[in-house]
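Step one of this worksheet: look at the structure below.
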Amino acid sequence: MERKDFEAWLDNISVTFLSLTDLQKNESLDHLISLSGAIQLRHLSNNLETLLKRDFLKLLPLELSFYLLKWLDPQTLLTCCLVSKQWNKVISACMEVWQTACRKLGWQIDDSVQDALHWKKVYLKAILRMKQLEDHKAFETSSLIGHSARVYALYYKDGLLCTGSDDLSAKLWDVSTGQCIYGIQTHTCAAVKFDEQKLVTGSFDNTVACWEWSSGTKTQHFRGHTGAGGLAEVQSQISHAQPWGLHLVKRRQIRNQDLAHWERDQLQVLKNPYRLRRPQHLPPASASFRWQIHCLQFSYRVVSVGLRQLRYPQGYQTS
């Protein structure tokens, strides 16, 4: 058939094909496929792959792809990242998407950080942390048992925790191992600070004292306050501090309503609740007593809490 005659025949059959119903079109294609040889089937297969598997993220301009991605939620975007390397590359490069996702979690966005991959990693870490919180796996808890009375004072630094108790003693603990490194007899401690050699304590007897860890000897004793003394930040080298290098502060009286937030056993960080949970070996509160937080100290990722068992008077109704 000549080219001109073929084009006329093709135009006629195209008009006829478009007038058919979907069922008739399918039957016509089935008939043509059955009449086709290997060359025609290979040609059909190559063209169908191009027509049916179009990658719109690859075909569209990058700006238009970013605009479309903004309408998807973060979880869907993470699923789309698994489609192909190209999709993962485009989605990970959309900084506005990941900044918006972080902002919805309560994150404060630093506009000076113009790295989309950075904000994607921030979002993934935040989601992982929230999942750990929901599963109660965000915090590793351990108990340091050694005092015979309530713990009034805590101070954490560089993996070491100092505790001051109502049993007239102070102890220095290695948090990672739970071992007591030092234990010395002191006065009742309202506040504690320490370095490798020395311990400084503020007491309910209105005095401040400096002690040596190794020998337990009291090296300095300061008087002059009329109320229980707390300690503000002390010089990093306590062993070289002069008496006037110690900054003393009046212990603030805490009203019952001030404790209400802590009695709910909840810390609020950004917009997400970080809950501190009772260690498993401690019995839960009952009609006869409850656990009361006496002191709390936080440093980086370590939260140290001192608890006491507060017993109710006989016949007291807790409801």
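Quick note: residue numbers are just sequence positions, from 1. Remember, predicted model here, so these are calculated numbers, not experimental data.
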Residues two or more places apart in sequence or in another chain: which of them pass salt bridge (Lys or Arg N to Asp or Glu O under 4.0 Å) with D167?
->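 With sequence neighbours excluded, D167 shows a salt bridge (Lys or Arg N to Asp or Glu O under 4.0 Å) to no residue whatsoever.
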With no hydrogens and no angle check, is any side-chain donor or acceptor of [X] less than 3.5 Å from a backbone partner on [Y]?
X    : Y    : answer
S36  : L41  : no
T219 : C210 : yes
W119 : I109 : no

Heavy-atom closest contact (L77 atom, I91 atom, distance) =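 The answer is O-CD1, 3.9 Å.
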Compare every heavy atom of P74 with every heavy atom of Y123, then report the nearest pair and how far apart it is.
->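 Closest approach of Y123 to P74: OH-CB, 3.1 Å.
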Could you work out the complete set of other residues in the hydrophobic cluster of F17, with links drawn between I, L, V, M, F, W and Y side chains under 4.5 Å apart?
->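 L20, L29, listed by chain and number.
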Side-chain contact test, heavy atoms from C-beta onward, threshold under 4.5 Å: evaluate it for [X] versus [Y] and give yes or no.
X    : Y    : value
E212 : Q197 : no
C81  : K120 : yes
S169 : H147 : yes

Answer with yes or no whether the side chains of W211 and T217 bring together a donor and an acceptor at under 3.5 Å.
->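 No, no side-chain donor-acceptor pair sits under 3.5 Å.
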Assess the side chains of K171 and T163: does a donor N or O sit below 3.5 Å from an acceptor N or O?
->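 K171 vs T163: no donor-acceptor pair found between side chains.
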Residue pairs passing the ring-ring contact (aromatic ring centres under 6.0 Å, His included) test where at least one lies in residues 46-66, sequence neighbours excluded =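 The answer is F56-W87.
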Which residues satisfy the side-chain contact (heavy atoms from CB on, under 4.5 Å) test with S112, sequence neighbours excluded?
->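 S112 satisfies side-chain contact (heavy atoms from CB on, under 4.5 Å) with D110 only.
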Can you name the side-chain contact (heavy atoms from CB on, under 4.5 Å) partners of L35, sequence neighbours left out?
->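 L35 satisfies side-chain contact (heavy atoms from CB on, under 4.5 Å) with H31 once adjacent residues are dropped.
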Could you list all the salt bridge (Lys or Arg N to Asp or Glu O under 4.0 Å) pairs where at least one residue sits in residues 72-89, not counting sequence neighbours?
->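 The answer is none; no pair qualifies.
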